[in-house]
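All of these numbers come straight from a predicted model, not from anything done at the bench. Computed from heavy atoms alone, side chains included, the values below leave out hydrogens, waters and symmetry copies. The sequence lines fix the lettering, A, B, ..., with proteins before strands; numbering per chain opens at 1.
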There are 2 protein chains.
Amino acid sequence: MIDPSRINTLVQFYGALADETRLKLVGLLALRPTCGQHLATELGVSAPTVSHHISKLKALGLVVSVREDNTIYYALNTAKLQHLTKEMFAEDSRPAPPKDERQKVISNFFESGRLRCLPVQYKKKLYVLQELLKAFVPNRDYLEAEVNEIIKMSFDDYCTIRREFVMNRYMNRDRGVYRVNPPELWLGC
Amino acid sequence: MIDPSRINTLVQFYGALADETRLKLVGLLALRPTCGQHLATELGVSAPTVSHHISKLKALGLVVSVREDNTIYYALNTAKLQHLTKEMFAEDSRPAPPKDERQKVISNFFESGRLRCLPVQYKKKLYVLQELLKAFVPNRDYLEAEVNEIIKMSFDDYCTIRREFVMNRYMNRDRGVYRVNPPELWLGC
DNA sequence: CCTCTATTTTGATGTATGCCAAATTAGACA
DNA sequence: TGTCTAATTTGGCATACATCAAAATAGAGG
């Protein structure tokens, strides 16, 4: 079930989440990007402690940071979290539940959580874009730099993806601030 | 994203898997049920160490033990492992990908990893049985007591489920030893 | 450059825990 | 009941690491 070569990755990943403070940190960052001081007071620990834990989460790619003026905002990389969670069952040899069309496209175009290339076929492209969109939480503002950072974890050409997000109305852009649209607004569904 | 009341459960769960020895243990048990001594030599650690780790995994319900004659066989509870892995995303508020029919039935009849009741409708019943079957690995023998233990983690009336498994040819029974059948043999698919 | 603030690094301390050897227990079988 | 094997518990040691205070650093803005 577990690929020996991934044991180390998995131990690190589980270790990262096996601490109460870090888990709460992840919980807070899941709500919105937050700066270090706010996290410290929220959790009732010192700033160095937050820094210490954030650096561990960043080392695993679970958190990205974006500087804005004098403060650094930390944001959760949801896609990475899901990808690592799935690692555990990667080598599962049990008869897989029948994949639907969407699932097939996803597994063809993604490898180890990264997008190989953007599909040309419209329908497939939408599946892939929707998959990438999962890394973003609704009802939350994202700075452009943040959007870029998060896309970049799955695909280098973040400009194309960001543009596709907006063109297909998966995301709304207002004065440089991005936001996930409710599915009713999405095109091509 | 993370329910505060479950933080402790999650910390324990991740902690359980955040150790190389325990992760290897899980990997070995995923292949087949194994006794302590064999695990010890396989991993190159002492018997007390194995015992120590097994007891941690058992405390979380990740491992069940069945005594046969003089030796105790430990077996992985795959269903529990999957259920705990999913906990992390339980409170996920992102727009869910459209659930297919099977997924809808599963989420209606299961709650927190346990089966509420066995559906009466034939088709739904099969979905549920297939879900329960995921706790068993193919190409591996299960003792009846072991089958019971594993089913019991999801549903108290293990007799009914075990009988349904055999009747629908999801499992084969030969002289008291159970085995998952390949999907080609399953009835009603 | 200088200042100011947020973050990170350093150093020290206490706790948690993985590991083994030795002793003990549990249960099967005669 | 006695014996035998496998598993567990106990005790002790070493390491890992969460935490904080204090010091150092980074970068924005004058």
Side-chain angles (χ1 to χ4, degrees), chain A residues 7-8 10-29 32-60 62-76 143 145-146 149, chain B residues 7-8 10-29 32-60 62-76 143 145-146 149:
Chain A
I7 288 243
N8 235 349
L10 282 169
V11 168
Q12 284 185 304
F13 168 63
Y14 286 119
L17 298 179
D19 177 84
E20 184 170 340
T21 305
R22 275 195 298 268
L23 208 50
K24 285 179 179 170
L25 220 41
V26 169
L28 286 176
L29 293 181
R32 68 193 71 81
T34 317
C35 67
Q37 295 221 317
H38 188 238
L39 291 170
T41 62
E42 195 80 16
L43 294 179
V45 297
S46 69
T49 301
V50 168
S51 177
H52 169 69
H53 289 306
I54 288 281
S55 75
K56 286 205 169 185
L57 294 173
K58 271 173 72 174
L60 278 169
L62 251 34
V63 164
V64 296
S65 59
V66 176
R67 180 165 215 131
E68 194 184 1
D69 293 338
N70 232 329
T71 69
I72 297 177
Y73 286 89
Y74 306 101
L76 188 64
L143 306 170
E146 212 179 328
E149 281 303 311
Chain B
I7 289 244
N8 234 350
L10 282 170
V11 169
Q12 285 185 304
F13 167 62
Y14 287 119
L17 298 179
D19 176 83
E20 184 171 339
T21 306
R22 276 196 296 270
L23 208 51
K24 285 180 180 171
L25 220 40
V26 169
L28 286 176
L29 293 181
R32 67 193 73 82
T34 316
C35 66
Q37 294 222 316
H38 188 239
L39 291 170
T41 61
E42 196 79 16
L43 294 179
V45 297
S46 70
T49 300
V50 168
S51 177
H52 169 69
H53 289 306
I54 287 282
S55 75
K56 287 205 169 185
L57 295 173
K58 270 173 74 173
L60 278 170
L62 251 35
V63 164
V64 295
S65 59
V66 177
R67 181 165 213 131
E68 194 184 2
D69 293 339
N70 232 328
T71 69
I72 297 177
Y73 286 89
Y74 305 102
L76 188 64
L143 306 171
E146 212 180 327
E149 281 305 310

side-chain contact (heavy atoms from CB on, under 4.5 Å) evaluation trace for B/L28 with B/L43: CA-CA 9 Å; B/L28 286 176; B/L43 294 179; 3.8 Å; yes
Protein-to-nucleotide contact annotation, 5' to 3' order, nucleotides 17-30 of chain D [B base; S sugar-phosphate only; - none; under 4.0 Å, heavy atom]: -SBBBB----SSS-
Measure the distance from [atom1] on [X] to [atom2] on [N] and round it to the nearest whole Å.
{"X": "B/Y14", "N": "C/dA16", "atom1": "OH", "atom2": "C1'", "value": "21 Å"}
{"X": "A/Y73", "N": "C/dA6", "atom1": "OH", "atom2": "P", "value": "11 Å"}
{"X": "A/I54", "N": "C/dT7", "atom1": "CD1", "atom2": "C1'", "value": "11 Å"}
{"X": "B/E20", "N": "D/dT15", "atom1": "CD", "atom2": "C1'", "value": "15 Å"}
{"X": "B/I72", "N": "D/dC4", "atom1": "CD1", "atom2": "P", "value": "20 Å"}

Residues that A/Q12 engages under side-chain hydrogen bond (donor to acceptor under 3.5 Å, both in side chains), provided they are two or more places apart: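 A/Q12 satisfies side-chain hydrogen bond (donor to acceptor under 3.5 Å, both in side chains) with no residue once adjacent residues are dropped.
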Global bending angle along the helix from C/dC1-D/dG30 to C/dA30-D/dT1, which compares the axes of five pairs at either end, to 10 degrees: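 The two end axes of the helix from C/dC1-D/dG30 to C/dA30-D/dT1 meet at 30°.
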Name of the residue among B/L57, B/L17, B/V45, B/L76 meeting side-chain contact (heavy atoms from CB on, under 4.5 Å) with B/L25: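 For B/L25, the side-chain contact (heavy atoms from CB on, under 4.5 Å) check succeeds only for B/L57.
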Search all heavy atoms of [X] against all heavy atoms of [Y] and return the closest pair with its distance.
{"X": "A/R32", "Y": "A/T34", "value": "O-OG1, 2.9 Å"}
{"X": "A/L60", "Y": "A/F13", "value": "CD1-CA, 3.9 Å"}
{"X": "A/Y74", "Y": "A/G36", "value": "CE1-N, 3.6 Å"}
{"X": "B/A18", "Y": "A/A18", "value": "CB-CB, 4.2 Å"}
{"X": "B/I54", "Y": "B/L39", "value": "CD1-CD1, 4.2 Å"}

N/O (side chain, A/Y74) to phosphate O (OP1/OP2, C/dT8) under 4.0 Å: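 So the side chain of A/Y74 is within the cut-off, an N or O lying under 4.0 Å from OP1 or OP2 of C/dT8.
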